[in-house]
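Report on the following structure.
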Amino acid sequence: MQHQKVLILDFGGQYNQLIARRVRDLKVYCDLLPCDMTAEEIEKYGPIGIIFTGGPNSVYEAHAPRIERAVLELGIPVLGICYGAQLIAHTLGGSVTRADTSEYGKRTLFIEKDTPMSEGIPQESICWMSHTDFVASLPAGFMTLAKTDSCPVAMYGSQAKRIYGIQFHPEVVHSEYGNKLLENFLYRICGASGDWTMAGFVNEQVEKIRASVGEGKVLCAMSGGVDSAVAATLVHRAVGDRLTCVFVDNGLHRKGEPEQVMKVFKEGLGMNLVKAEAEDLFLGALKGVCDPERKRKIIGELFIRVFEREAKKLGRVDHLVQGTIYPDVIESGKGKSATIKSHHNVGGLPAVMEFQSVVEPLRDLFKDEVRKVGTELGLPDGVVWRQPCPGPALAIRIMGEVTREKLAIVREADAIFREEIEKAGLAREIWQYFAVLTDSKTVGVQGDFRTYENVIALRAVTSVDAMTADWARIPYGVLERVSARITGEVKHANRVVYDITSKPPATIEWE
Ligand code: XMP
């Protein structure tokens, strides 16, 4: 089925993908493409509307990106945001001025004129500004639709031309009615019908994967994490048995994880999933190693060796699937195609193996969208809502040397903590929650005996991107139950402490 499309022209702003995800959330398909498209190319693409993003330039700079005037004469509705708004005004004969100081942050937006763009938006609301230049005078036929105390033209437009400009950022959450503005543009100005859904995304990706993979063989390293699980499931839907997934069982996973991966993907979905048993290999290599960075390095390198060994057994493989998501793309350098996720569990793969292409069906999506795709694909909540777990897993949650005995202790304590958090209904609010086996022993009294056993630390944080984090305010009652259960049920643990440090200064993981 042909669906309606919105074209987002990329002028280099930092929120561009966010604009794209807002449009998708409003059930309209969109593509984010370079801003140098010609009017002819745009017409051929056939959008119901065009959005010009913000960008770092000033319209008066010699090398600032521009747009052909003809683009604004196609009769297709256009919405310019920030630089995009300035560019429209400049291109059509208005003027743009540089303010003495830049304006950042929340401002009160006053709606000046009621138009279809401002439907459902109160006379006063909060908007989010981030700019230095602003539109000083409008081209003929345009009028000011909203202002702030410091910005005389916060929104302008022409109903006849169906062209609008917004100086603030409707796509960020701090703009109270930003989403409503985007909705008004899409539905009231462009005539969107809301024909884009997660099911649509899945179908489209399946087609794309089929086209790019052809008759080739595909390989995927399945970590059990949401991203690789959803990517593999999509590819499996597209190419079936020609996909082989490898799950490396390094003996460092959390309780029940290897079993869950095999159950969901091999038994449930019937995937070609190979489990590489490598516990002895990993624990052997980690023997006597206490330094966290060395642990990471050893685990990362061994992972590659085991993965490579399994891949060799398959003969020629043409494509590699990666669960790269949009935040990974930003981290590893924007815009580069086929960037390999320098993720600790897959880092370095391309150096040792050759593939015709890397298939990354989730590259444009944010984490919560990946979860929606997972649900759409029928993956269970346990997989879709799994909290992030570092590649080296329990190895960096044991302070000092990793042994089988210590793994058993931290694994049990961690399972109890997870179970109680889930039972308390807190799992989706807390970004990560896990147990750490400290390298301290303390005196305790259990039954009539004096004990000298391990201290378990509980770590639970709230975060949006793991760059910063705050310790989660877990109710005392829940902490009490976790503590009682760990000291009662886990052998060799006689004390439980709760980590109340934010990041920074601490990190989320203890090692
Ligand atoms: P930190 O501890 O640096 O963690 O605050 C930030 C996020 O990164 C995860 N993390 C890792 N992920 N391999 C990974 O795949 C690693 O070696 C690693 N170390 C930390 C951590 O769980 C948190 O989500």
Side-chain angles (χ1 to χ4, degrees), residues 220-231 246-255 257 261 282 285-286 289-304 306-307 322-332 339-349 360 362 366-368 370-371 385-400 402 407 410-411 413-414 417-418 421 427-438 457-472 499-511:
C220 178
M222 173 84 89
S223 67
V226 190
D227 305 343
S228 69
V230 173
V246 176
F247 173 70
V248 176
D249 189 354
N250 54 17
L252 305 170
H253 290 103
R254 293 175 300 184
K255 188 171 177 177
E257 278 190 342
V261 168
F282 278 79
L286 288 169
V289 179
C290 295
D291 176 63
E293 286 314 306
R294 268 202 70 214
K295 287 187 199 173
R296 279 192 171 80
K297 197 157 188 291
I298 291 169
I299 294 165
E301 283 172 5
L302 259 188
F303 176 89
I304 295 164
V306 175
F307 184 74
Q322 290 229 295
T324 317
I325 69 171
Y326 182 65
D328 307 324
V329 178
I330 321 182
E331 264 172 38
S332 48
T339 314
I340 307 302
K341 192 172 181 180
S342 59
H343 201 260
H344 307 257
N345 15 355
V346 243
L349 272 184
E360 297 174 305
L362 310 175
F366 288 84
K367 194 81 174 188
D368 55 324
V370 173
R371 292 208 163 103
W385 287 97
R386 180 183 184 268
Q387 54 169 321
C389 181
L394 299 183
I396 54 164
R397 293 177 178 174
I398 291 171
M399 304 301 96
V402 178
L407 276 166
V410 76
R411 186 173 278 134
D414 185 69
F417 190 27
R418 283 200 284 151
I421 290 288
R428 291 191 190 181
E429 290 165 34
I430 305 180
W431 172 265
Q432 273 176 296
Y433 47 98
F434 53 87
V436 172
L437 177 58
T438 69
L458 303 177
R459 179 72 162 146
V461 296
T462 53
S463 177
V464 276
D465 53 10
M467 302 294 284
T468 58
D470 195 9
W471 57 279
D499 181 349
I500 51 166
T501 331
S502 59
K503 171 184 179 175
T507 51
I508 295 177
E509 302 292 342
W510 272 39
E511 277 201 337

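Whatever order the structure lists ligands and atoms in, that order sets their numbers, starting from 1. Computed from heavy atoms alone, side chains included, the values below leave out hydrogens, waters and symmetry copies. Because the structure is a prediction, the values reported are computed rather than measured.
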Any idea which of I508, V461, I299 brings a heavy atom closest to atom 4 (O) of ligand 1?
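Selected option, by shortest heavy-atom distance: I508.
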If you measure from atom 3 (O) of ligand 1 to every heavy atom of R397, K503, E509, which option wins on shortest distance?
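Nearest heavy atom to atom 3 (O) of ligand 1 lies in K503.
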Taking the side chain as everything from C-beta on, heavy atoms only, tell me whether L252 gets closer than 4.5 Å to V402.
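Answer yes - side chains close enough.
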Among K295, R296, R459, R397, salt bridge (Lys or Arg N to Asp or Glu O under 4.0 Å) partner for E511
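Single salt bridge (Lys or Arg N to Asp or Glu O under 4.0 Å) partner of E511 among K295, R296, R459, R397: K295.
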Using a plain distance cutoff, I'd like to know if G391 has any nitrogen or oxygen under 3.5 Å from a nitrogen or oxygen of ligand 1.
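Such a contact does occur with ligand 1.
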Under 3.5 Å: N/O of A466 near N/O of ligand 1:
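Between A466 and ligand 1, no N or O pair is found under 3.5 Å apart.
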If I compare all heavy atoms of V464 with all of W431, which pair ends up nearest, and what's the gap?
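Nearest heavy atoms, V464 then W431: O-CZ3, 3.4 Å.
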So, taking the atom named CD in Q387 and the one named OH in Y433, what distance separates them when rounded to the nearest 0.5 Å?
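The distance works out to 4.5 Å.
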